[in-house]
2 protein chains.
Amino acid sequence: MTAAMVAAHAETNVSSVSLVVNGKHRGRVSEQLAARIRDAVDELGYVVDHSASALARGHGDLVILLAPDLSNPFFAEVIAGVQDTLGDRYQLMLSVTERGEQPCVDSLRRFNGLRPAGVLVDAPDETFAAVPAAEHPVVLFDAPDSAADLNALNYDYAPAIRSLAALLAERGHRTVAYLDGSTRSATFALRRAMLAEAVTSHGLHLLDDDVRADVTVSGASAATRANLARWREGGATAVIAAADTLAYGVLAEAHRAGVRIPEDLAVASFDDLPSSAVTAPALTSIALPGAALGRAAAERLVAMLDERPLPTPTPLETVLVRRASL
Amino acid sequence: MTAAMVAAHAETNVSSVSLVVNGKHRGRVSEQLAARIRDAVDELGYVVDHSASALARGHGDLVILLAPDLSNPFFAEVIAGVQDTLGDRYQLMLSVTERGEQPCVDSLRRFNGLRPAGVLVDAPDETFAAVPAAEHPVVLFDAPDSAADLNALNYDYAPAIRSLAALLAERGHRTVAYLDGSTRSATFALRRAMLAEAVTSHGLHLLDDDVRADVTVSGASAATRANLARWREGGATAVIAAADTLAYGVLAEAHRAGVRIPEDLAVASFDDLPSSAVTAPALTSIALPGAALGRAAAERLVAMLDERPLPTPTPLETVLVRRASL
DNA sequence: CTGAAAGCGCTTACAG
DNA sequence: CTGAAAGCGCTTACAG
């Protein structure tokens, strides 16, 4: 089914068909012809060929979102936020990295061949320190490393992390263990560094081992199994995890080991996933509004596509949600 | 950066460039010229334009996966399975439906314009009763309605559901409530119908109200809040949820209402997500191997693309994982 | 083994 | 307001 067939059916030519299906026919095609064309389109079920259109125009209506693997439910939120904002002017397509990898600059180049209208990159790796020139706008998010680049949207962890450090101090903790994610993303590095600083300023200290786990419940369980005794021997009475999913593994393993939470070991983490309200015990967590992040990034991209002026991006607020685990 | 520029750089023509970058040059281009072309490609960072290539060939190397919204972590598993299987011969791109919707046939048509190599559809809605003719192979999964179509991969719920019914009977339950997902997908309808039948054959009965919730923790919490008292007045001593995420909401709300689990109300569901091992109490759930489903579907698609003979698809096994909640 | 040329289906100046 | 034509960047018969 091609524009030529539609043209034949409507007894006209492909130029007029193209103008009408793209809504660019005002003052160029008579209302009568336009109606005839629309009828033919409906009747034949014609859909514009994206490849041909993108080739002719230079780009299509695709917005590509590069995201790390989706096992962390946090990303579902982000994606929903992006989707909501893009609406149907643009077609959102996701590309997901291999398990445990972060989007890298090379993948960006690979997608240039698709001639997207724009690209969003969630939690890019360090190769994005400088964003490569592309024919389309690129918006990064959860990309604290690329601070110099105006097209990055990030969280403002400071207030929530301060609250968490204060809460730890208030509860009498002195030594705190940290369970990091094994993906070496900038956002994880920042969480850890900021927490270490905040905790230190309250006179506590973060165990400086470098315990990491896949951001999955089972990965975190294994890491906890291997480190729990050592953490406690080192004096840790609390463990902070870089993501809720990691904290779930800590909870499971502590339970198995007969370690009571929060009495023997307090636990807190980052994300505040919906299921964190129903773990045993309910999890204290720094809420990261994923959908808001996705929306903000998508709005920024759309503004660039519309060539509207761009405000400096505002970091998104985070808050500590206190529950029973700490 | 175009093939013409590469050709100029390597002092040859676009035909040879095309043959070499596509690995079709054996016996057509001298090894010497091929090496010169490869050097030029590397030097200039040339990437084949997907739109132009797809237009010329008739299709590209894109595999499109249509999936329902990703808030259920189950889908992350499925996607990882697909990704692992496709490798880098094909480029996986996801398209996600709006919140709470299922992929429909119309979206399939829309993606024809991208000229994909093939399409996978996860949990399609009822418009897929007959798969429309497409220029590319289509494989459905989690699509029990399309039984007649050979290209659908499904779970065999029977053994696990029988175990669940037997366990309910063994524990002395007589009346069981059901919390369904609000998405009217065939796979949810089947779960309910099969459970009703299995339970009846053990002399129990399923409350025949039609309680549904968004497949999110908060949606399920709200639905439980509205129905918990009624369920218990109706004699229900157990509630089965169509997905773990729904069960999490039941747990949370029961806890809030002072209903003990499993003493006052037993709970079980479908999915067996990793986090179901760490809820309070740990959740009894029918394990649906998401990654295996994704792999099987992707393998089938690749077989079609390679024009290899297709075996009749075997439904994937499911087992009941018993934990404290029932 | 090498290269000029047609054609994929569209969009968009351009001429009528 | 309508239509013929060039061109987007590639692939692939085809001729040399």
Side-chain angles (χ1 to χ4, degrees), chain A residues 1-38 40-41 44-62 109-117 135-136, chain B residues 1-37 40-41 44-62 91 109-117 135-136:
Chain A
M1 189 48 46
T2 68
M5 300 164 89
V6 174
H9 198 87
E11 295 177 314
T12 178
N13 56 71
V14 290
S15 318
S16 305
V17 171
S18 176
L19 290 172
V20 170
V21 291
N22 290 306
K24 297 183 179 172
H25 59 290
R26 271 150 313 176
R28 321 260 285 99
V29 176
S30 69
E31 203 29 69
Q32 195 186 340
L33 213 207
R36 227 161 61 225
I37 289 173
R38 273 188 287 259
V41 166
L44 302 176
Y46 171 69
V47 179
V48 176
D49 184 289
H50 181 274
S51 299
S53 172
L55 182 58
R57 267 194 224 270
H59 67 88
D61 65 348
L62 237 47
R109 233 191 29 198
R110 212 153 93 234
F111 289 110
N112 284 342
L114 278 173
R115 298 176 172 266
E135 290 93 281
H136 48 258
Chain B
M1 189 48 46
T2 69
M5 301 165 88
V6 174
H9 198 86
E11 296 177 314
T12 178
N13 55 72
V14 291
S15 317
S16 304
V17 171
S18 176
L19 290 172
V20 170
V21 292
N22 290 305
K24 297 184 180 172
H25 59 291
R26 272 150 312 176
R28 321 260 285 97
V29 176
S30 70
E31 202 30 69
Q32 197 186 341
L33 213 206
R36 227 159 64 223
I37 289 173
V41 165
L44 303 176
Y46 170 68
V47 180
V48 176
D49 185 288
H50 182 274
S51 299
S53 172
L55 182 58
R57 267 193 225 271
H59 67 89
D61 65 348
L62 238 47
Q91 180 77 18
R109 233 192 27 198
R110 211 152 97 237
F111 288 110
N112 283 343
L114 278 174
R115 298 175 170 267
E135 289 94 282
H136 48 259

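A note on names: the letters A, B, ... follow the listed sequences, proteins ahead of strands, and every chain is numbered from 1.
- Among C/dT12, C/dG3, C/dG9, the nucleotide with an atom closest to any side-chain atom of B/Ser15 is C/dG3.
- Under the Watson-Crick or G-U wobble criterion, with both distances below 3.5 Å, C/dC1 is paired with D/dG16.
- Distance, A/Ile37 CD1 to C/dT11 P: 12 Å, rounded to whole Å.
- A sub-4.0 Å separation between OP1 or OP2 of C/dG3 and a side-chain N or O of B/Thr12 is present.
- Residue order along DNA chain D, read from the 5' end via each residue's closest nucleotide, puts A/Val29 first among A/Val29 and B/Ala3.
- Here the closest heavy-atom approach between residue B/Pro116 and residue B/Asn112 is recorded as CD-O, 4.0 Å.
- The shortest distance between the side-chain N/O atoms of B/Ser51 and the OP1/OP2 oxygens of D/dC8 is not below 4.0 Å.
- We find that CG of B/Asn22 is positioned 17 Å from P of D/dG9, with the value rounded to whole Å.
- Residue A/Leu114 comes nearest to A/His50 through the heavy atom pair O-CE1, 4.3 Å, listed as atom of the first residue, atom of the second, then distance.
- Distance, B/Met1 CE to D/dC10 P: 10 Å, rounded to whole Å.
- As a whole-Å value, the separation of B/Arg26 CZ from C/dC1 P is 12 Å.
- Distance CZ (B/Arg28) to P (D/dT12): 10 Å, rounded to an integer number of Å.
- For the pair B/Lys24 and D/dT11, the criterion of a side-chain N or O lying under 4.0 Å from OP1 or OP2 is not met.
- Contact check on A/Arg36 versus A/Glu31 returns no salt bridge, with no Lys/Arg side-chain nitrogen under 4.0 Å from an Asp/Glu carboxylate oxygen.
- Residue B/Leu55 contributes atom CG, which lies 12 Å from atom P of C/dT11 at whole-angstrom precision.
- Of the listed nucleotides (D/dG9, C/dG9, C/dT2), C/dG9 has the atom at the smallest distance from the side chain of B/Arg115.
- Comparing A/Ser18 and B/Ala52 against DNA chain C, the residue whose closest nucleotide sits nearer the 5' end is B/Ala52.
- The two atoms that bring B/Leu33 and B/Ala10 nearest to each other are CD2-O, 4.5 Å, heavy atoms only.
- Using a 4.0 Å cut-off, some side-chain N or O of B/Ser53 falls inside it from OP1 or OP2 of D/dT11.
- Within 4.0 Å of A/Arg57, counting heavy atoms only, lie sugar-phosphate atoms of the nucleic acid but no base atom.
- Summarising the geometry of A/Leu44 relative to A/Met5, their closest heavy-atom pair is CD1-O, 4.0 Å, with the distance given to 0.1 Å.
- Rounded to a whole Å, the CG atom of A/Asp49 is 9 Å from the C1' atom of C/dC8.
- In this structure, of C/dT2, D/dT2, D/dC10, it is D/dT2 that holds the atom nearest to the side chain of A/Ser30.
- The separation between A/Asn13 atom CG and C/dT12 atom C1' is 13 Å, rounded to whole Å.
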